[in-house]
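Chain naming here is simple, since letters A, B, ... match the order of the sequence lines and numbering starts at 1 in each. What you see is a predicted model, and the numbers here were worked out from it, not measured in a lab.
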Amino acid sequence: DTGVSQNPRHKITKRGQNVTFRCDPISEHNRLYWYRQTLGQGPEFLTYFQNEAQLEKSRLLSDRFSAERPKGSFSTLEIQRTEQGDSAMYLCASSLDWGSATDTQYFGPGTRLTVL
Amino acid sequence: AQTVTQSQPEMSVQEAETVTLSCTYDTSESDYYLFWYKQPPSRQMILVIRQEAYKQQNATENRFSVNFQKAAKSFSLKISDSQLGDAAMYFCARSNDYKLSFGAGTTVTVRA
């Protein structure tokens with residue numbers, strides 16, 4: 001039984017560069033979420049997918065951020081023209097839709113982004 | 001804004017003793033879910049316990065139990081018989097439609 005996996009685990013980049021992160025959810029989970037966590041804080045919601053459809057995006061997700069989930073499987077989060085303020089841990093979570101509005105989310109280990 | 005507040009940035013407990021972490025939240029919904037997640041240093045977040053707001057009975061998972069006071073919008077976590085492996089950051093979270101809103105976390109240290 002594999003959990004949520006994320007790659008890479010760490011990414012160091014220079015300001016202005018583009019970066020892309022990947023999340024592989026638990027295989028039967030049809031919901032996928034992205035959160036951002038800064039040091040000493042709780043995660044903040046970024047965006048959410050139901051299968052391949054992106055259903056909600058936070059105001060935190062500026063135009064430089066884009067997320068996709070082709071075919072409802074893995075997801076990618078791309079940040080264009082990175083800024084130092086983008087430095088954070090990016091967490092992915094997945095859940096199985098039982099027909100309830102809220103089901104338990106299972107988190108991946110995160111990708112730590114450092115923008116120099 | 002609907003918020004989750006954890007008023008204790010840090011808590012320390014002696015091994016085998018009990019510690020209680022507090023959490024209050026704001027919501028306009030009548031049906032929602034509450035969670036406690038544990039995040040060990042440099043490790044991924046794992047679910048500790050979950051409470052459905054429509055259930056009056058407090059959830060329990062082994063050494064972990066909650067005190068859910070719906071009217072007061074309070075959701076505290078009690079860790080009994082604390083173990084060294086309980087040392088971690090603990091986050092309280094509330095469901096908000098499909099997403100979770102988290103508190104700032106409480107760091108728990110366990111003294112041997």
Asks: Determine the option with the most heavy-atom pairs under 4.5 angstrom with chain B, choosing from A:Gly108, A:Ser95, A:Gly110.
Replies: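 The answer is A:Gly108.
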Asks: Answer yes if the side chains of B:Gln44 and A:Gln6 hold a donor-acceptor pair under 3.5 Å, and no otherwise.
Replies: no
Asks: What residue pairs, at least two apart or across chains, pass disulfide bond (SG atoms under 2.5 Å apart) with a residue in residues 39-85 of chain A?
Replies: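 Output for this query is empty, none listed.
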Asks: How long is the straight-line distance from OG1 of A:Thr104 back to OH of B:Tyr37, given to the nearest 0.5 Å?
Replies: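 So the gap between those two atoms works out to 6.0 Å.
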Asks: Taking heavy atoms only and a threshold strictly under 4.5 Å, list by residue number the residues of residues 73-93 of chain B that touch chain A; give 'none' if the list is empty.
Replies: B:Met89, B:Phe91
Asks: Could you check whether any side-chain heavy atom of B:Phe35 comes within less than 4.5 Å of a side-chain heavy atom of A:Gln105, counting everything from C-beta outward?
Replies: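 Side-chain contact under 4.5 Å: no.
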Asks: Is the number of heavy atoms from other residues, nucleotides or ligands within 6.0 Å of CZ (B:Arg43) greater than 12?
Replies: no
Asks: For B:Ala104, is there any backbone N or O sitting under 3.5 Å from a side-chain donor or acceptor partner on A:Gln41?
Replies: no
Asks: Is the shortest side-chain heavy-atom distance between B:Met45 and A:Pro43 below 4.5 Å?
Replies: yes
Asks: Output the distance between atom CD (B:Gln39) and atom CE (A:Met89), rounded to the nearest 0.5 Å.
Replies: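 Reported value, rounded in 0.5 Å steps: 7.0 Å.
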Asks: Applying a heavy-atom distance below 4.5 Å, give me the residues of residues 105-112 of chain B that approach chain A, sorted by number.
Replies: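 Heavy-atom contacts from residues 105-112 of chain B to chain A are absent.
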Asks: Would you say B:Leu34 and B:Val4 are hydrophobically clustered, going by side-chain heavy atoms of ILVMFWY under 4.5 Å?
Replies: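 Yes: a chain of side-chain contacts under 4.5 Å links B:Leu34 to B:Val4.
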Asks: Residue by residue, scan residues 44-81 of chain A and write down, ordered by number, those that have a heavy-atom distance under 4.5 Å to chain B; if none do, write 'none'.
Replies: A:Phe45, A:Tyr48, A:Glu56
Asks: Under 3.5 Å, side chain of A:Tyr33 to main-chain N/O of B:Leu100, donor-acceptor pair present?
Replies: no
Asks: Tell me whether A:Leu113 shares a hydrophobic cluster with A:Trp34, the cluster being built from Ile, Leu, Val, Met, Phe, Trp, Tyr side chains joined at under 4.5 Å.
Replies: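 Shared cluster, yes.
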Asks: Consider only side-chain heavy atoms of I, L, V, M, F, W and Y, link residues closer than 4.5 Å, and tell whether A:Tyr90 and A:Val115 are in one cluster.
Replies: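 A:Tyr90 and A:Val115: one cluster.
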